[in-house]
> 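Okay, here's the structure, questions in a sec.
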Amino acid sequence: MTEPRTTADIDLIQRLLPHRYPFLLVDKVVDIDGIQSAKGIKCVTMNEPHFQGHFPGNPIMPGVTIIEAMAQTTAVMVGTSLNLEDKNMQIYFMAIDNCKFRRMVRPGDVLEMNVELVRGKPGGKVWKFKGKASVDGELAAEADFTAMMDMPKAAA
């Protein structure tokens with residue numbers, strides 16, 4: 001039996017997620033503990049298209065993209081743990097609750113998304129997660145979110 005993966009590089013992430021530039025918002029995932037928790041890393045750069053308009057002369061990463069980065073981290077965590085690479089897994093938001101923004105995220109920041117499972121199980125469609133995003137240990141955003149996992153038939 002092979003050891004469970006505890007990290008996902010960009011190549012594995014792209015085998016798990018359907019997202020591509022400009023909407024692939026996680027560069028790597030580390031500290032994967034099965035479907036329980038993981039840490040996503042996003043290196044924020046000025047080259048990202050949202051900075052042209054949000055805001056000219058004062059680039060700030062939109063809060064919705066921070067929440068999306070947390071969601072993508074959970075998708076990688078679940079997909080890696082359930083061996084769903086190359087299986088065309090689709091995940092859709094159902095709810096975002098208790099969302100708070102605490103700090104601006106700017107080009108040059110390294111955004112860390114710590115996510116954990118609240119409710120969900122292999123084969124289940126509806127999963128709930130809790131996420132916190134931080135820069136240099138300072139909380140930038142947090143949210144609880146529910147997602148529908150449209151798993152491939154063979155994986156369920």
Side-chain angles (χ1 to χ4, degrees), residues 1-44 48-50 54 61-103 105 109-156:
M1 187 164 147
T2 60
E3 289 289 316
R5 288 189 178 126
T6 59
T7 63
D9 63 11
I10 194 64
D11 294 326
L12 180 56
I13 290 168
Q14 290 185 78
R15 292 176 60 199
L16 291 162
L17 299 181
H19 305 81
R20 295 295 179 265
Y21 178 84
F23 216 68
L24 182 56
L25 299 172
V26 61
D27 296 320
K28 69 180 174 179
V29 179
V30 298
D31 300 336
I32 300 171
D33 182 14
I35 61 171
Q36 297 305 310
S37 64
K39 180 193 302 184
I41 307 294
K42 164 73 175 147
C43 297
V44 182
E48 296 172 54
H50 48 257
H54 198 266
M61 185 173 181
V64 295
T65 58
I66 297 170
I67 302 306
E68 175 66 23
M70 287 193 288
Q72 289 181 18
T73 299
T74 62
V76 171
M77 173 184 76
V78 171
T80 300
S81 300
L82 299 181
N83 299 311
L84 295 176
E85 50 276 318
D86 305 317
K87 303 278 193 234
N88 300 316
M89 172 180 59
Q90 300 288 314
I91 301 175
Y92 309 99
F93 272 125
M94 295 178 70
I96 300 170
D97 299 303
N98 304 314
C99 184
K100 295 184 173 97
F101 301 101
R102 305 290 187 191
R103 175 198 194 280
V105 177
D109 287 342
V110 176
L111 188 65
E112 291 186 4
M113 290 85 54
N114 288 286
V115 298
E116 62 184 60
L117 176 71
V118 174
R119 185 178 65 244
K121 63 182 183 198
K125 276 202 167 276
V126 178
W127 297 57
K128 186 166 186 164
F129 303 95
K130 177 178 288 298
K132 292 185 177 185
S134 61
V135 175
D136 294 330
E138 187 179 350
L139 185 64
E142 58 188 319
D144 301 328
F145 46 96
T146 306
M148 179 178 71
M149 305 276 191
D150 189 5
M151 302 291 189
K153 298 292 181 216

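Because the structure is predicted, anything quoted here is derived from the model rather than measured.
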> Could you report the tightest heavy-atom contact between G40 and T73, atom names first, then the distance?
N-CG2, 3.5 Å

> When you measure from the side chain of D150 to the backbone N and O of Q90, does any donor-acceptor pair fall under 3.5 Å?
no

> Would you say that T7 contacts K28 through its side chain, given a criterion of any heavy-atom pair below 4.5 Å between the two side chains?
no

> Indicate yes or no: at least one non-hydrogen side-chain atom of L24 is less than 4.5 angstrom from one of I10.
yes

> Any Lys/Arg nitrogen of E48 or K42 sitting under 4.0 Å from an Asp/Glu carboxylate oxygen of the other?
yes

> Would you indicate whether the side-chain heavy atoms of I41 and V29 approach each other to under 4.5 Å?
no

> Does this structure show an ion pair linking E112 with K39, if we count only N-O contacts that are shorter than 4.0 Å?
yes

> Do F129 and T74 come close enough that some side-chain heavy atom pair is under 4.5 Å?
yes

> Do Q72 side-chain atoms and F23 backbone N/O form a donor-acceptor pair below 3.5 Å?
yes

> Any side-chain heavy atom of F145 sitting closer than 4.5 Å to one from C99?
no

> Go through the steps for D86 and R15 under the test salt bridge (charged side-chain N to carboxylate O under 4.0 Å, His left out), then give the verdict.
CA-CA 5 Å; D86 305 317; R15 292 176 60 199; 2.6 Å; yes

> Test side-chain contact (heavy atoms from CB on, under 4.5 Å) on M148 and I91; report intermediate values, then the result.
CA-CA 6 Å; M148 179 178 71; I91 301 175; over 6 Å; no

> Show your working on side-chain contact (heavy atoms from CB on, under 4.5 Å) between M61 and L111 and close with a plain yes or no.
CA-CA 10 Å; M61 185 173 181; L111 188 65; 4.2 Å; yes

> If only atom types and distance count, is the side chain of S81 paired as donor or acceptor with the main-chain N or O of M77 below 3.5 Å?
yes

> Count the heavy atoms belonging to other residues, nucleotides or ligands that lie under 6.0 Å from CG of D97, then report whether that count exceeds 12.
yes

> How far apart are the C-alpha atoms of T6 and V30, what are their side-chain angles, what is the distance that settles it, and do they pass the side-chain contact (heavy atoms from CB on, under 4.5 Å) test?
CA-CA 6 Å; T6 59; V30 298; over 6 Å; no

> Tell me the closest heavy-atom pair linking I66 and A133, and the distance in Å.
CG2-CB, 3.7 Å

> In the structure I gave you, are the side-chain heavy atoms of V78 and W127 within less than 4.5 Å of one another anywhere?
yes

> For residues E68 and H19, determine if any side-chain heavy atom of one lies less than 4.5 Å from a side-chain heavy atom of the other.
yes

> Does the pair D144/K130 count as a salt bridge with the N-to-O cut at 4.0 Å?
yes

> Over all heavy atoms of both residues, which pair between P62 and H50 is shortest? Give the atoms and the distance, please.
CD-CD2, 3.4 Å

> Do the non-hydrogen side-chain atoms of D109 and R103 ever get within less than 4.5 Å of each other?
yes

> R102 vs E142, test: side-chain contact (heavy atoms from CB on, under 4.5 Å). Steps then yes/no.
CA-CA 8 Å; R102 305 290 187 191; E142 58 188 319; 3.5 Å; yes

> Using modelled atom types and a 3.5 Å cut-off, is there a donor and acceptor pairing between side-chain atoms of R20 and backbone atoms of Q14?
yes

> Locate the shortest heavy-atom distance separating A140 from V105; write the atom from each residue and the value.
CB-CG2, 3.8 Å

> Between CG of D27 and CD1 of I13, what distance do you get to the nearest 0.5 Å?
7.0 Å

> Can you sort out the partners of R5 under side-chain contact (heavy atoms from CB on, under 4.5 Å), two or more places apart, ordered by chain and number?
L12, T80, E85

> Roughly how far apart are L82 CG and M149 CE, rounded to 0.5 Å?
8.5 Å

> First locate atom CG of L117, then atom NZ of K128, and finally report the distance between them rounded to the nearest 0.5 Å.
11.5 Å

> Working to the nearest 0.5 Å, report the span between CD1 of I67 and CE of M113.
10.5 Å

